[in-house]
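Before any comments, here is the structure.
Side chains included, hydrogens not; waters and symmetry mates left out as well; all remaining heavy atoms used.
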Amino acid sequence: MTRSRSPVRLVAFAGAVALACTVPAMPAQAAPTADTPVGTVTLKSAREADPTYRWAGASGFQYTAWGADPVWVDYKGVVPPAHAGPDDLPSGTDVVSTVTGSTVTQKHRSTGVTATVTLPAGQTYKAASGWSVLTEDAAGTPHVLRATADGTTDLTVKGLPAGARPVKYVNGGSVRRIGLVYLLDGKRSVGLVDLADGAFRTYVSGTDEFAAVTFNDRWLVADWKSVRVDAPPGTEPTALPVTAFPWEHFAVVGDQLLIGYPVNYGVTGPALTARSLVTGATSTVLAQSYMSFAPTADGGALATAGPSGLDWHVYRITPTAAGTTAAEEVTQLPTNVSYVPALALAGGELFLYGDSPNASVFSSFALDATGRPVGPQTLRSPEIYAYDCIAGDVTCPQIQALGDGRTTTNWSVWPDMDNAGPQNVRVTGLDTKTQVNAATGSRLGRITSGSGRYVLYNGGTTNVQKVIDFPNGATAGTVVLTRTRTPASVWGQVLWSTGGTKGSVVGLNLKTKKTVATIATGAPCKPTDVQAVNTWLYWSCGAAGPAGVYDRAARRSIPVPSGAAPARLADGYLVREDRATHELRLTDFHTGRATTRTVAVLPEQDVTRGGSNGRWAVDRFGGHIAYQKESRGEVAIVRSGVPASSLAQTEAQTAPRAGGPTAAKPWVPVWQLNKPAAWTLTLTDAAGTRVRALTGDTLGAAVRASWDGLRSDGQRIKGTYTWRLSATPRDHQGPTLTLTGTTVVN
């Protein structure tokens with residue numbers, strides 16, 4: 001391999017960085033000897049915001065989320081009721097009531113008109129709906145109060161059965177009525193109070209203690225029983241199909257009953273449905289919507305929905321002239337900063353592990369060739385429900401970025417998630433749904449290395465070492481090598497480990513199972529740690545012994561600093577954390593001579609258990625260094641200042657597709673490179689005519705192409721085709737890489 005020695009060329013920062021990313025204009029607040037970060041990112045929680053709706057009316061609503069101050073949101077293009085006054089009940093859809101002692105202050109939001117209701121002596125405030133205030137006197141009798149020019153009117157509610165005790169007042173999609181639940185002879189019943197004259201009527205009897213009650217001026221639904229508000233007295237409610245908990249009805253909009261999911265158990269939509277109370281027909285209103293719902297005083301409803309917690313919105317649901325419902329997005333909900341238990345860096349992608357609704361999830365930030373963040377936070381895995389933390393381990397959870405857009409971690413099989421159960425190795429990252437696993441047969445183990453398709457696992461309760469092959473995103477991992485545990489590292493398709501003699505390191509091809517090299521590193525010991533990146537081999541003789549890097553390209557040994565804290569090898573440099581001074585020190589050895597500098601000073605108090613991939617990480621695939629700052633969720637990126645090696649292939653999967661390729665089953669070759677690149681894949685037929693060209697950028701440092709077997713003109717002609725891959729390094733360090741081979745169209 002040839003290696004470029006030219007200085008790193010700065011790449012222009014293209015486009016605006018998302019709100020989650022910042023590029024500082026001033027030096028970072030760190031020790032004077034530390035390098036200045038080229039950018040920072042803040043991890044936002046993937047947990048969906050669960051707002052509390054404090055008020056919802058005709059002109060807008062007020063909510064709180066994440067414990068922050070209340071936020072007002074106005075509907076755009078909505079004309080609220082023009083008239084304002086307690087004598088006009090419909091105009092109360094825009095009234096906000098504030099209770100202070102025995103005084104209720106009412107304000108019409110759109111006109112600013114105010115009114116004051118004073119509670120009579122002996123009455124207790126219970127609820128407010130529009131211009132009406134509900135109270136109870138000492139005997140438990142409900143009253144309806146409203147402001148007048150002369151003071152306050154007091155209507156005693158009539159129609160409650162003798163001996164009935166009100167237990168709950170319920171607001172719905174109306175300011176002319178309010179729901180009332182009462183208890184009589186041990187049985188609960190539900191009715192409505194007509195706020196114009198104080199008349200009460202029972203509609204549904206024998207309801208459950210926790211039954212939902214929803215209504216508008218057309219329908220009342222209680223405990224999955226519906227009845228028209230204007231139905232003759234004594235009309236039997238209609239039983240509705242009961243949806244199993246935790247689904248519940250929460251609003252009636254026009255003739256549609258809205259049914260939502262108030263608790264997030266990791267389900268996916270459709271989660272908000274509408275059921276016609278006239279025909280029984282159902283329809284989807286919003287997919288992936290759950291947790292927060294509320295009726296609005298004007299007969300509509302509010303619901304939360306979105307593709308993820310990073311893009312979560314409030315929608316206003318209103319009736320349509322056709323008798324259905326319409327959903328309009330009215331605001332985007334804020335996200336919350338997430339704690340970062342672990343981080344990883346590979347191929348210009350920063351992976352952060354953090355909150356999601358029920359567990360944790362990997363998110364990523366794209367970095368340019370200089371390490372600057374150039375895109376928003378992107379979800380990169382499904383929820384990961386368990387991981388293992390070994391007692392005293394400084395890195396928890398254990399994660400490795402594989403350099404091909406994927407990450408790996410280890411976890412215990414349910415129900416033994418207390419580190420007592422057998423472990424699986426899990427790989428995710430190509431999308432937000434797929435995760436593939438492989439059983440290890442061991443407990444309390446560690447993932448010590450990973451590169452592309454291969455993951456190295458050391459058993460904890462068994463003295464076993466396994467290499468697991470994850471060839472693609474959809475296939476479970478397969479153990480391709482099992483042996484006694486020894487210091488080792490995987491790079492590309494080669495496993496490098498200590499040999500049988502002092503200072504030797506042996507390379508084993510994981511595909512052929514044949515030794516490809518035996519290297520005399522010059523180490524005066526049998527190394528206790530071996531790491532491999534490109535042509536670099538790092539070895540260590542332990543905390544008290546020496547350490548070095550062997551350059552296979554130049555065939556020379558380079559002494560590097562050693563110590564008790566673990567070191568991480570990257571392309572041309574080594575990073576080690578001084579746990580006493582909290583300095584993160586980078587040793588640059590790419591010229592053959594080691595020089596060390598402090599690139600960061602970490603927080604004195606660990607924001608995680610510390611260590612590589614807990615507090616900091618290096619990009620082995622031609623990139624830089626990331627570390628956690630003191631602020632919650634904030635991660636900084638600092639340049640290595642070391643030129644990366646020339647572009648090279650480390651592993652490839654290019655076998656023709658059996659029975660294909662087709663649109664349904666395309667040829668999907670993968671070329672694992674050592675750093676990011678832009679690529680062009682050209683296909684030519686037997687006559688040498690170019691028939692198709694595909695282009696793209698690597699995911700991490702991996703080329704992932706897909707060909708359906710069709711030529712550019714749409715024809716499918718059987719035969720053998722020659723492919724030619726041209727890859728241009730993103731950092732412009734070194735020449736273009738060209739690879740060739742053949743594939744078949746059957």
Fill in: Residues that Thr214 engages under side-chain hydrogen bond (donor to acceptor under 3.5 Å, both in side chains), provided they are two or more places apart
His249
Worksheet item: Do you see a donor-acceptor pair shorter than 3.5 Å between the side chains of His313 and Gln332?
Response: no
Practice prompt. Mind telling me whether Phe61 and Tyr63 have parallel, tilted or perpendicular rings, with 30° and 60° as the class edges?
Written response: tilted
Worksheet entry | All salt bridge (Lys or Arg N to Asp or Glu O under 4.0 Å) counterparts of Asp88, not counting sequence neighbours | none
Practice prompt. Would you please name every residue forming a salt bridge (Lys or Arg N to Asp or Glu O under 4.0 Å) with Asp298, sequence neighbours left out?
Written response: Arg316
Fill in: Least distance between heavy atoms, Ile399 atom then Ala344 atom
CD1-CB, 3.7 Å
Practice prompt. Kindly state each residue pair satisfying salt bridge (Lys or Arg N to Asp or Glu O under 4.0 Å) with at least one member in residues 339-361, sequence neighbours excluded.
Written response: Glu349-Arg380
Worksheet item: Residues two or more places apart in sequence or in another chain: which of them pass side-chain contact (heavy atoms from CB on, under 4.5 Å) with Arg228?
Response: Arg218, Trp219, Asp230, Ala231, Asp255
Discussion item. Just to verify, what does Pro307 make a side-chain contact (heavy atoms from CB on, under 4.5 Å) with, not counting sequence neighbours?
Written reply: Asp311
Fill in: Check: Asp94 side chain, His108 main-chain N or O, donor-acceptor pair, under 3.5 Å
no
Worksheet item: Quick one: does Leu367's side chain get under 4.5 Å of Val374's, heavy atoms only?
Response: no
Fill in: Tyr290 and Trp312 aromatic centres sub-6.0 Å
yes
Worksheet item: Between Thr331 and Val314, is there a donor-acceptor pair closer than 3.5 Å when you use the side chain of the first and the backbone of the second?
Response: no
Worksheet item: Would you say Asp368's side chain and Arg372's backbone share a donor-acceptor pair under 3.5 angstrom?
Response: yes
Item to complete: Report the relative orientation of the aromatic rings in Trp247 and Tyr261; use parallel for angles under 30°, tilted for 30 to 60°, perpendicular for over 60°.
Response: perpendicular
Practice prompt. Would you check if the side chain of Ser97 reaches a backbone N or O of Ala128 as a donor-acceptor pair within less than 3.5 Å?
Written response: no
Worksheet item: Quick one: do the Gln628 and Arg615 side chains pair a donor with an acceptor below 3.5 Å?
Response: no
Worksheet item: Looking just at side-chain N and O atoms, do Thr42 and Glu634 make a donor-acceptor pair shorter than 3.5 Å?
Response: no
Worksheet item: So, Thr207 versus Arg188: side-chain donor-acceptor pair below 3.5 Å or not?
Response: no
Item to complete: Keeping the roles fixed (side chain from Gln377, backbone from Lys44), state whether a donor-acceptor pair exists under 3.5 Å.
Response: yes
Discussion item. Before you tell me yes or no, could you show the steps for Arg406 and Asp404 under salt bridge (Lys or Arg N to Asp or Glu O under 4.0 Å), namely the whole-Å CA-CA distance, both residues' side-chain angles and the distance that decides it to 0.1 Å?
Written reply: CA-CA 6 Å; Arg406 298 185 293 175; Asp404 63 352; 3.0 Å; yes
Worksheet item: Under the side-chain contact (heavy atoms from CB on, under 4.5 Å) test, which residues partner Thr320, sequence neighbours left out?
Response: Ala322, Thr324, Ala326
Fill in: Partners meeting side-chain contact (heavy atoms from CB on, under 4.5 Å) with Arg177 (sequence neighbours left out)
Ser174, Leu192, Phe215, Asp217, Val229
Response to the item:
Taken in chain and number order and not counting sequence neighbours, the residues that satisfy ring pair (Phe, Tyr, Trp, His ring centres under 6.0 Å) with Trp66 are none
Worksheet item: Any donor-acceptor pair under 3.5 Å linking the side chain of Glu136 with the backbone of Gln123?
Response: no
Discussion item. Please report the interatomic distance CG(Leu352) to OG1(Thr407), rounded to the nearest 0.5 Å.
Written reply: 11.0 Å
Practice prompt. Give every residue pair that meets the salt bridge (Lys or Arg N to Asp or Glu O under 4.0 Å) criterion with at least one member in residues 96-110, sequence neighbours excluded.
Written response: Asp74-Arg109
Item to complete: Could you tell me which residues satisfy ring pair (Phe, Tyr, Trp, His ring centres under 6.0 Å) with Trp131, sequence neighbours excluded, listed by chain and number?
Response: none
Item to complete: Go through the structure and list residues passing ring pair (Phe, Tyr, Trp, His ring centres under 6.0 Å) with Tyr125, not counting sequence neighbours.
Response: none
Worksheet item: Okay, side chain of Thr408, backbone of Arg426: is any donor-acceptor separation there less than 3.5 Å?
Response: yes
Worksheet item: So, does Thr279 use its side chain to make a donor-acceptor pair with the main chain of Ala281 at under 3.5 Å?
Response: yes
